[in-house]
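These numbers were taken from a predicted model, which means no experiment stands behind them.
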Amino acid sequence: MPLPKYHQAYLVLKERLLDGLYNGGLPSELELTTEFGVSRVTIRKALGNLVAEGLIERTAGRGTRRVNASGAAGQNTPGSGPSHLLDKLVAINQSTTVTVLEHEHLPATESVAAALQVGVGTKVLRIVRLRSTSDGPVSYIVTWLPASHFRGLTKSKLERKPILTLIEEAGIQISSGTQTVSARQADNLVARHLAVPVGTALLAVNRVVFDKDSKPVQWLQGLYRPDRYEYEMKLARAGEADTASVWISRELNTRIQ
């Protein structure tokens, strides 16, 4: 079955928080409803899941703010400076491990060149990572980077730090990103790494990250196991059509983060 809308929004927002894309501030509820094409109730419940995990804080009169690794709430103001982009959430490193399966320099194909806005044949860095918890593999992620900016980006560095942190350590100021979410079936290769049967439905995330000059600096294609998440739906009358109230299992979240 396809993932419910609330669950898709929750997973995407969580991934962005963990990758540091919202360190400069979260979008408003209205902006999120427009982006995901869902009701305000759906977005509120997705944000409620993030509050329950301690990733964000919501207070009356102050809006929604991310929570730093130290537990302090950050400013919810766009353009709050490069330092906020480097305030990464270390929880993902504490409870997950990253294994670099592939790390190679290749000439850009047409699709890669289009995503990174470089010429076909330009040298790019292709990285394949497997993220796991104590329960097993969670995600299979393929990332493409312009090779000219990342000559010193080694496998050991990629296994120790979030990739967006390494991008900024290379002197690139991250400004924004675009992301789409869909579903995809696991092929033989992905199924083997994620320990699922061939043909299993996976959550597919396609993301492009831009620098301050609006030039692409990362193209990410991620596949995630949705079966490692548990959710509960509560239905009630409300002023909006979508009234599903969803909460992710606290116990499972601790292991997935």
Side-chain angles (χ1 to χ4, degrees), residues 1-78 80 84 87-92 94-96 131 133 135 138-139 162 177 179-183 203-205 207 222 224-257:
M1 295 179 63
L3 289 175
K5 292 181 180 179
Y6 74 82
H7 196 44
Q8 294 183 30
Y10 158 77
L11 292 177
V12 171
L13 293 173
K14 179 176 178 178
E15 185 72 15
R16 291 176 181 177
L17 282 165
L18 293 175
D19 280 346
L21 288 180
Y22 286 152
N23 285 349
L26 279 77
S28 66
E29 284 186 2
L30 181 58
E31 290 173 323
L32 291 174
T33 59
T34 301
E35 177 184 358
F36 288 96
V38 297
S39 73
R40 211 155 189 170
V41 169
T42 298
I43 290 299
R44 286 173 181 168
K45 298 312 176 182
L47 294 174
N49 294 336
L50 299 173
V51 171
E53 291 191 50
L55 296 177
I56 63 174
E57 179 181 274
R58 309 194 78 198
T59 54
R62 303 183 68 181
T64 303
R65 301 180 297 165
R66 61 154 177 79
V67 176
N68 297 331
S70 62
Q75 296 297 319
N76 185 24
T77 53
S80 53
H84 288 285
D87 290 335
K88 61 184 180 296
L89 296 165
V90 299
I92 191 170
Q94 294 174 342
S95 55
T96 68
R131 178 171 291 161
T133 69
D135 293 328
V138 175
S139 60
Q179 184 163 275
T180 59
V181 180
S182 59
L203 180 69
V205 174
R207 178 192 309 145
Y224 301 80
R225 284 185 53 159
D227 63 302
R228 293 197 180 277
Y229 297 87
E230 178 183 348
Y231 60 87
E232 176 184 354
M233 295 186 70
K234 297 180 181 180
L235 303 178
R237 290 182 61 87
E240 299 182 61
D242 189 346
T243 61
S245 174
V246 183
W247 300 94
I248 304 303
S249 164
R250 184 85 173 172
E251 180 182 356
L252 283 179
N253 282 336
T254 302
R255 299 202 298 264
I256 290 298
Q257 288 177 357

Between Val12 and Gln179 the two heavy atoms that sit nearest each other are CG1-NE2, 2.6 Å

For Ala46 and Ala9 the tightest heavy-atom approach is CB-CB, 4.1 Å

Closest non-hydrogen contact found for Ile56 with Leu47 is CD1-O, 3.4 Å

Of all heavy-atom pairs linking Leu55 and Lys14, the shortest is CD1-CG, 3.8 Å

Interatomic distance, CZ@Phe36 vs CD@Gln8, rounded to 0.5 Å, equals 9.0 Å

Output for pair (Thr180 OG1, Arg207 CZ), nearest 0.5 Å, gives 10.0 Å

Here the gap from Thr42 atom OG1 to Glu29 atom CD, rounded to the nearest 0.5 Å, amounts to 11.0 Å

**Asked** Can you find a heavy atom in the side chain of Leu11 that is under 4.5 Å from one in the side chain of Val181?
**Response** no

All heavy atoms of Thr33 vs all of Arg40, minimum pair found to be CG2-CA, 3.6 Å

Rounding to 0.5 Å, atoms CD (Glu31) and CG (Leu26) come to a distance of 10.0 Å

Here the pair of heavy atoms bringing Asn49 nearest to Tyr10 is CB-CD1, 3.4 Å

